[in-house]
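Heads up, the thing below is written out as structure tokens.
This structure is a prediction, so every number in the text was calculated from the model and none was measured.
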Number of protein chains: 2
Amino acid sequence: MNEKKYHHGNLKQCLIEAGIELLNGEGETHFSLRKVAAICAVSNAAPYSHFKNKEELLEAMKNYVTEQFTEQLNNAIKGENMEQPNTIIKMGKSYIMFFINHPQYFQFLFSQPCIRVNLNMNDEGKGNFPPFELLKELHFRVLKKYGFSDEKIKDAIISSWATVHGLAAIATMEGVIYDGIWENKIEDIISNKEEN
Amino acid sequence: MNEKKYHHGNLKQCLIEAGIELLNGEGETHFSLRKVAAICAVSNAAPYSHFKNKEELLEAMKNYVTEQFTEQLNNAIKGENMEQPNTIIKMGKSYIMFFINHPQYFQFLFSQPCIRVNLNMNDEGKGNFPPFELLKELHFRVLKKYGFSDEKIKDAIISSWATVHGLAAIATMEGVIYDGIWENKIEDIISNKEEN
DNA sequence: AAATTAATCTTGACACTGTAAAGATATAAT
DNA sequence: ATTATATCTTTACAGTGTCAAGATTAATTT
């Protein structure tokens with residue numbers, strides 16, 4: 001049983017998951033298409049039936065990780081009051097925690113031009129980086145309730161995003177002597193940030 | 001005149017500068033040791049007399065860029081009152097502007113473990129990432145004047161750093177629809193951030 | 001000044017990489 | 001059953017990082 005068949009059957013998905021496995025194991029530097037193919041027990045050129053090139057596989061992997069990321073952000077505010085500032089804090093904390101728990105993913109996700117962002121609340125936001133879109137919509141719902149102008153809300157979105165993104169960047173840097181207390185500190189900092 | 005001599009004479013520095021030139025031209029993806037060697041009109045293996053491997057050249061290049069970065073931060077606060085909050089804002093703005101003017105450098109500088117950071121005001125800070133050390137010391141000088149505790153100051157440093165670093169990250173992402181108004185917005189956001 | 005040592009550069013080689021072309025095999029459609 | 005399509009393999013090539021051996025020059029010692 002389990003003989004090696006000529007056709008893999010589920011190679012595309014296998015390549016994506018094996019790619020992420022390899023990424024977490026060896027880091028992006030030692031990542032290679034041929035290694036991914038080897039993990040899937042398939043020839044060097046097999047991936048080219050599913051992806052135009054290496055870059056396309058990496059993009060698919062990024063989308064895969066982005067979905068996990070988005071799911072976690074959604075879970076973080078599940079059941080919360082969508083018009084309460086505290087919900088923004090919850091999401092912000094979840095944003096940072098995702099990368100503290102998966103430090104490799106930070107560099108990986110934000111190391112190319114695949115992040116699209118539009119602050120307007122119309123169809124232009126459709127192609128947005130999903131985690132950003134979540135942040136954006138939540139800010140609009142909360143801050144509209146508090147009578148903020150659209151322009152003020154947009155500023156707040158950028159400000160919040162910059163804060164959590166910056167904290168995630170710092171938290172995932174090696175050598176930063178702020179370990180352990182991150183979880184508490186982050187809550188303090190974000191809370192303080194959002195209260196004005 | 002200008003015959004090709006066997007010994008280059010200044011190869012190490014030439015490799016660093018050619019490396020940065022190549023980085024700005026083709027991006028980190030298409031960067032290669034052999035291309036750098038070619039720019040310096042030298043054989044493939046010549047760089048190995050000056051750098052243990054490719055990674056070491058990249059580190060030297062990062063140090064080179066970090067020096068430019070540090071110099072700009074220093075210039076931004078030259079002659080300013082070192083105990084005024086506005087000086088922090090000036091430096092923060094300069095932090096972001098450096099990467100708006102050199103978008104390639106953001107990914108490049110922060111894409112490896114070379115960033116060391118220690119919040120304590122003693123010798124442990126000696127090995128710190130110089131731009132961070134500048135931010136840190138400025139915060140201590142300003143906030144001490146205002147009677148902040150060391151612990152509060154450390155929080156403020158992380159908070160400020162996260163904000164400017166996050167804004168730099170966002171500003172250097174392609175596709176962000178916030179162009180042009182960055183310079184004004186940034187001043188607003190940073191000012192607002194530092195005033196509490 | 002001559003001889004020796006050390007630093008710097010070249011040549012040639014190897015294993016590994018991304019990718020393309022041509023062909024093999026299995027699946028789907030007719 | 002035949003054809004067409006999708007998927008995979010084999011082979012090949014140019015580009016890469018890196019090493020070892022040797023060539024050339026500069027620095028040091030005598």
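No side-chain donor-acceptor contact under 3.5 Å links B:S159 to the backbone of B:D155. The main-chain N or O of A:W161 is never found under 3.5 Å from a side-chain atom of A:H165 such that the two would form a donor-acceptor pair.
Straight-line distance from the OH atom of B:Y48 to the P atom of D:dT18: 4 Å, rounded to whole Å. For A:H50 and C:dT19, the NE2 to C1' distance is 16 Å, given to the nearest whole Å. The CG atom of B:L15 sits 12 Å away from the C1' atom of C:dT8 (whole-angstrom rounding). Atom P of nucleotide C:dC9 and atom CG of B:N10 are separated by 10 Å, given to the nearest angstrom. Between the P atom of C:dT19 and the CD atom of A:E56 lies a distance of 10 Å, rounded to the nearest Å. A straight line from CZ of A:R34 to C1' of C:dA20 spans 12 Å, rounded to a whole angstrom. Atoms CG (B:N53) and P (D:dT16) sit 17 Å apart, rounded to a whole Å. Atom pair A:L33:CG and C:dA20:C1' shows a separation of 13 Å (rounding to whole Å applied).
Between A:N10 and A:H8, the closest heavy-atom pair is N-ND1, 3.1 Å.
Of the candidates D:dT9, C:dC9, D:dT16, the closest approach to any side-chain atom of B:H8 belongs to C:dC9. Minimum atom distance to the side chain of B:A45 is reached by D:dA20, of the listed C:dG18, D:dC8, D:dA20.
Residue contacts for B:K12: at a heavy-atom cut-off of 4.0 Å it reaches no nucleic acid atom on any strand shown.
Residues A:E80 and A:Q84 have side chains that never bring a donor and an acceptor to within less than 3.5 angstrom of each other.
Under 4.0 angstrom from either OP1 or OP2 of D:dT9 there lies at least one side-chain N or O belonging to A:S43.
Mapped onto DNA chain C by nearest heavy atom, B:V42 and A:S32 fall at different nucleotides, with B:V42 at the one closer to the 5' end.
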